[in-house]
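Below: one structure, written as structure tokens.
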Protein chains: 2
Amino acid sequence: MSSAIPVHCKECSVHNNCVLGHLTPEELEQIDRDKGCSIFKKGQIIMPQGSKPSGVYCVFNGKVKFTRLGSEGRDHIIRLGTKGDLLGYRSVLANESLSASIVALEDTQVCFIPKSLLLNFINENVGFSLSMMQQACQDLGESGKMITNLAQKNVRQRLAEVLLMLNAKFGKDQDDFLDVKLSREEYANMVGTATETLIRLLSDFKIEGLIETNVKRVKLVDEIKLANIAQLEN
Amino acid sequence: MSSAIPVHCKECSVHNNCVLGHLTPEELEQIDRDKGCSIFKKGQIIMPQGSKPSGVYCVFNGKVKFTRLGSEGRDHIIRLGTKGDLLGYRSVLANESLSASIVALEDTQVCFIPKSLLLNFINENVGFSLSMMQQACQDLGESGKMITNLAQKNVRQRLAEVLLMLNAKFGKDQDDFLDVKLSREEYANMVGTATETLIRLLSDFKIEGLIETNVKRVKLVDEIKLANIAQLEN
DNA sequence: ATGTAAACCTGATAATTGTCACAATCGTTT
DNA sequence: AAACGATTGTGACAATTATCAGGTTTACAT
């Protein structure tokens, strides 16, 4: 981790897709006074599982994973975060320790907002408070979907779903590849399967013409068939 | 569903374990004026998946399941609710349709609180607002745990965990049996497995002296061994 | 450019779990 | 009490997935 040149919150580009966009200009200036900006290199732990964070990070750019260490030493990626997401808010608001480590998937610039400040805003700004609550409830809905998927779908279906989810969350780069780089092991940890099984399925998809791969990059070729495999309802 | 004699919220016994306990006496009286009380018989749908509820139910007594219909027509139980729980709050606050049906596991008495009233309280009562948010964040933490369990544990481990979870949530009746009655199919839908597999595992547990069963009732005999099987961390 | 560790891939095999078919039991209605 | 349907239970088998044991390629530091 290293510190970085701070941007003024008022001019920050992430506003449109960030709950902090609901704060007043004065409140944003308050953040400016207290916040700390830092850069985490790819692979670095931003917040470790089990710790009680003293505030939240707002992602300025980059990508992160929320990864939970299960009892048998295997990791599971329960969520991904990107520009505009607040990291650790669940833990701060529930006053519980972090149930997952937050790790940088690429070099990631974040701003730290102390817990006290966040709670102030919630107390004083009803609009912000409501949108925080909405965020939590939406995330809860996502989790519910994930639970049903893990419980009812097989690995092939879940992989198709993960690929489409990545497309929805991160979009495509200029070459039409998914704009996020994940190792095979990380894919496996998202799908909830062994790395070998995941590799085999990815090549199956490649053979069937559903995707193309180029080292760490993946391109979705036939999204409709993928959606059929995933059996998406919504 | 049938209507029931309303109890005054101020004197309601569920306060201690209910977010509504954070409301002022005046706010509770407001609920009294607007609320509707009803009883759902065992098996009745309280709120159907896909609908957008116009308010929430507060459980006065009884037990409910949150059950999601997956794409292959199989149900999955993602959560259970009991006295003091608010039903449908996630959907109301996220302004999304219900991702699961809420179904009575036994005769269940509930009070309906309109959405507008709930939002008023959130706008005007910071303490209540915060405790609603905490509730959402705690539920989110629970979901995360469930996700990791489904992804990393096998059926046997998950069954052990479900049994312990039921014990923690519902406790024991006077005969030391779990104070909740579920069919084998419902157990299977909680664990995320086929009914036949679940039945086999339950008899295994019985043979190994971990549990006793009596028709629909289950008694935990060796909670320590169950915890070992489930590999509980916390 | 070269050595080394990590990541990726493949095959063989074992373990887990699901599916189907059917029998036994229980509870409810007639 | 008989009859019906729903639930519970069992066995055989198939499908899915994990594990282990290797090879190959890639990325990166020196």
Side-chain angles (χ1 to χ4, degrees), chain A residues 41-43 65 70-77 103 105-107 148-162 180-207 211-218 229-231, chain B residues 41-43 65 70-77 103 105-106 148-162 180-208 211-218 229-231:
Chain A
K41 290 266 165 202
K42 176 178 172 172
K65 60 179 174 182
S71 43
E72 268 137 311
R74 272 176 54 192
D75 264 334
H76 188 239
I77 296 175
V103 178
L105 281 174
E106 51 187 61
D107 292 0
T148 313
N149 285 341
L150 282 167
Q152 296 192 345
K153 292 184 182 173
N154 63 27
V155 179
R156 182 180 161 89
Q157 294 169 322
R158 298 207 299 270
L159 173 57
E161 176 136 30
V162 162
V180 57
K181 285 182 189 172
L182 297 164
S183 69
R184 301 292 190 258
E185 188 180 4
E186 283 170 328
Y187 272 107
N189 289 345
M190 294 196 68
V191 172
T193 190
T195 309
E196 296 93 326
T197 303
L198 182 115
I199 289 172
R200 284 183 242 269
L201 283 172
L202 264 192
S203 11
D204 287 353
F205 279 8
K206 209 169 164 181
I207 292 168
I211 63 170
E212 286 172 26
T213 62
N214 184 335
V215 197
K216 277 220 171 190
R217 301 195 308 163
V218 175
I229 291 171
Q231 305 203 71
Chain B
K41 290 261 165 207
K42 176 179 174 173
K65 60 179 175 182
S71 43
E72 271 136 307
R74 271 177 52 191
D75 263 335
H76 188 238
I77 297 175
V103 178
L105 281 175
E106 51 188 62
T148 312
N149 285 341
L150 281 167
Q152 297 192 344
K153 291 184 182 173
N154 63 28
V155 179
R156 183 179 159 89
Q157 294 169 323
R158 299 207 299 273
L159 173 56
E161 177 136 29
V162 162
V180 56
K181 283 182 189 172
L182 297 164
S183 69
R184 300 293 190 256
E185 188 179 5
E186 282 169 329
Y187 272 106
N189 289 345
M190 295 196 68
V191 172
T193 191
T195 308
E196 296 93 327
T197 303
L198 182 114
I199 288 172
R200 284 184 241 268
L201 282 173
L202 264 191
S203 9
D204 287 353
F205 279 8
K206 211 168 161 181
I207 292 168
E208 296 170 42
I211 62 170
E212 286 172 26
T213 63
N214 184 335
V215 197
K216 279 217 169 192
R217 302 195 306 162
V218 175
I229 291 171
Q231 306 203 70

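Letters A, B, ... are given to chains in the order of the sequence lines, protein chains preceding strands, and every chain is numbered from 1.
- Taking the side chain as every heavy atom from C-beta outward, A:M190 and A:L182 approach each other to under 4.5 Å.
- Considering only side-chain N and O atoms, B:R184 lies under 4.0 angstrom from the phosphate OP1 or OP2 of D:dG9.
- The separation between A:K206 atom NZ and C:dC8 atom C1' is 11 Å, rounded to whole Å.
- Neither OP1 nor OP2 of D:dT8 sits under 4.0 Å from any side-chain N or O of B:T195.
- A heavy-atom distance below 4.5 Å is found between the side chains of A:R184 and A:T213.
- With DNA chain D read from its 5' end, the first of the two nearest nucleotides for A:V215 and A:R158 is the one closest to A:R158.
- B:E186 places its CD atom 9 Å from the P atom of D:dT8, with the value rounded to the nearest Å.
- Counting to the nearest Å, the P atom of C:dT10 and the CG atom of A:L198 are 13 Å from each other.
- Comparing C:dC9, D:dT17, D:dT10 by their nearest atom to the side chain of A:V155 picks out D:dT17.
- Regarding A:E185, its CD atom lies at a distance of 16 Å from the C1' atom of D:dA27, rounded to whole Å.
- Across C:dT16, C:dC8, D:dT17, the shortest atom-to-atom separation from the side chain of A:N154 is found for D:dT17.
- Each of A:S183 and B:T193 was matched to the nucleotide of DNA chain C holding its nearest heavy atom; the match closer to the 5' end belongs to A:S183.
- Atom CD of B:Q157 and atom P of D:dA18 are 13 Å apart (whole Å).
- A salt bridge does not link A:K42 with A:D107: none of the charged nitrogens is closer than 4.0 Å to a carboxylate oxygen.
- The base of C:dG11 sits within donor-acceptor range of the side chain of A:R200, with an N or O pair under 3.5 Å.
- Counting only heavy atoms from C-beta on, A:A194 has its side chain closest to D:dA18 among D:dA18, C:dC9, D:dT16.
- Enclosure of atom NZ in A:K216 by more than 12 non-hydrogen atoms of other residues, nucleotides or ligands within 6.0 angstrom is indicated.
- Residue A:Y187 contributes atom OH, which lies 21 Å from atom C1' of D:dT17 at whole-angstrom precision.
- Side-chain atoms of A:E196 come within donor-acceptor range of the base of D:dC20, with a qualifying N/O pair under 3.5 Å.
- Residues B:K181 and B:L105 have side chains not in contact (no heavy-atom distance under 4.5 Å, counting atoms from C-beta outward).
- A:L159 has its CG atom 14 Å from the C1' atom of D:dT17, to the nearest Å.
- The residue B:T197 sits close to a base: some heavy atom pair falls under 4.0 Å.
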